[in-house]
Amino acid sequence: MTQAKARGPYTKTPARRAEIVRAARDSFAEHGFAKASLRDIAERVGITHAGLLHHFRNKDELLAAVLAERDTEEWEYAQSQVPDMDHLAPYLGDLLRHHQQAPELMRLWIELAVAASRPEHPAHGYFVWRYDKVRDNFAQGMREKAGEGALHEALAPEHAATLLQAVLNGLQLQWLLDQELDVIGPVGAFMRMAFPQASEPEDEE
């Protein structure tokens with residue numbers, strides 16, 4: 001006996017939300033956040049404006065979902081590309097280049113991060129969690145390098161992790177202001193300063 005299929009407006013809610021987020025990502029990248037409209041996003045998905053509001057209450061909430069999806073994609077990719085700290089610098093360079101291909105999303109991320117610094121902002125909890133997660137992962141790798149004697153003696157692992165996060169965020173903001181600025185080189189320079197032994201040539205026998 002076959003099982004009856006689920007019916008009703010909530011049958012495909014997760015799939016529909018995913019479609020809306022993808023459409024919003026395209027709309028934000030194409031028009032910018034300010035000019036993108038919920039009606040345009042709804043049309044891209046093939047639903048009504050009211051139907052979209054069933055899933056997302058406003059454009060800010062939808063933007064948070066778009067950026068969270070981007071974070072998830074990047075986190076999964078990083079897991080496959082960075083088995084240890086020795087592979088981190090090349091990955092970060094590739095990540096920055098990838099972000100430069102979608103400057104509008106980079107700009108929106110920075111703007112939302114600032115807005116979410118207010119405790120009452122709907123994305124506040126997400127950004128607190130995200131910053132903690134990234135910092136903790138950097139710190140874990142830094143502790144491993146410190147245990148090997150590879151981390152600069154003046155840096156505590158937790159401080160090195162916080163500084164690296166600040167370097168990445170700050171460089172992206174500077175690049176948005178001046179897109180001729182080299183931001184890949186400074187990342188490599190910071191990593192060489194943090195791990196000076198890695199940049200030293202081996203003694204010849």
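If you read the sequence from its start, that first residue is 1, and numbering goes on from there.
- Counting heavy atoms from C-beta outward, His98 and Asp94 have side chains that stay 4.5 Å or more apart.
- A donor and an acceptor atom, one from each side chain of His99 and Glu74, are located under 3.5 Å apart.
- Under the 4.5 Å side-chain heavy-atom criterion for ILVMFWY residues, a single connected hydrophobic cluster contains both Leu168 and Leu173.
- Within the structure, salt bridge (charged side-chain N to carboxylate O under 4.0 Å, His left out) contacts touching residues 161-190 (residues at least two apart or in different chains) do not occur.
- The closest donor-acceptor contact from the side chain of Asn137 to the backbone of Lys133 lies under 3.5 Å.
- One distance of note links CG of Asp132 with CD of Gln165; it measures 8.5 Å at 0.5 Å rounding.
- Counting heavy atoms from C-beta on, the side chains of Phe195 and Glu148 never come closer than 4.5 Å.
- Using modelled atom types, no side-chain atom of Gln174 and backbone atom of Leu181 make a donor-acceptor pair closer than 3.5 Å.
- Evaluation of the ring pair (Phe, Tyr, Trp, His ring centres under 6.0 Å) rule for Phe190 yields no partner, not counting sequence neighbours.
- With respect to the salt-bridge test (charged N to carboxylate O, under 4.0 angstrom), the residues Lys145 and Asp86 qualify.
- Minimum interatomic distance between Leu112 and Ala64 (heavy atoms only, all atoms of both residues): CD2-CA, 3.9 Å.
- A donor-acceptor distance shorter than 3.5 angstrom exists from the side chain of Arg17 to the backbone of His55, with no hydrogens or angles considered.
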### Message
For Leu92 and Leu164: C-alpha separation, side-chain torsions, deciding distance, then whether side chain to side chain contact (heavy atoms under 4.5 Å, CB included) applies.
### Response
CA-CA 10 Å; Leu92 292 177; Leu164 178 55; 4.1 Å; yes
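- A heavy-atom distance below 4.5 Å is not found between the side chains of Glu144 and Asp84.
- A search for side chain to side chain contact (heavy atoms under 4.5 Å, CB included) contacts involving Val45 returns Arg16, Glu19, Ile20, Ala23, Ile47, not counting sequence neighbours.
- Each ring-ring contact (aromatic ring centres under 6.0 Å, His included) pair with one or both residues in residues 20-42, not counting sequence neighbours, appears once here: Phe28-Phe33.
- Sorted by first and then second residue, the pairs that involve residues 20-30 and meet salt bridge (charged side-chain N to carboxylate O under 4.0 Å, His left out), not counting sequence neighbours, are Arg25-Glu69, Arg25-Glu73, Glu30-Arg44.
- Residues meeting the side chain to side chain contact (heavy atoms under 4.5 Å, CB included) test with Glu104, sequence neighbours left out: Arg107, Leu108.
- Scored by the side chain to side chain contact (heavy atoms under 4.5 Å, CB included) test, Pro90 finds no partners at all (sequence neighbours excluded).
- Side-chain atoms of Phe138 and Met85, non-hydrogen and from C-beta on, never get closer than 4.5 Å to each other.
- Sequence neighbours left out, the pairs with a member in residues 111-128 that pass side chain to side chain donor-acceptor pair (under 3.5 Å) are Asp71-Tyr126.
- Taking both residues in full, the closest heavy atoms of Val187 and Leu96 are given as CG2-CD1, 3.5 Å, listed atom of the first, atom of the second, then distance.
- With sequence neighbours excluded, no residue forms a salt bridge (charged side-chain N to carboxylate O under 4.0 Å, His left out) with Asp136.
- Contacts classified as ring-ring contact (aromatic ring centres under 6.0 Å, His included) and involving residues 60-92 (residues at least two apart or in different chains) are not found.
- Closest approach of Val66 to Val21, counting heavy atoms only: CG2-O, 3.7 Å.
- When the ring pair (Phe, Tyr, Trp, His ring centres under 6.0 Å) test is applied to Trp109, the partners found at least two apart in sequence or on another chain are Phe127.
- When all heavy atoms of Ser27 and Ala36 are compared, the pair lying nearest together is OG-CB, 3.4 Å.
- A distance of 7.5 Å separates CG of Asn169 from CD1 of Ile110, quoted to the nearest 0.5 Å.
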Only distances under 3.5 Å count here; give the side-chain donor-acceptor pairs of residues 151-162 to other protein atoms, sequence neighbours excluded, each with its distance to 0.1 Å.
residue : atom : partner : partner atom : Å
His152  : ND1  : Ala154  : N            : 3.0
Glu158  : OE2  : Arg143  : NH1          : 2.9
Thr162  : OG1  : Glu158  : O            : 3.0

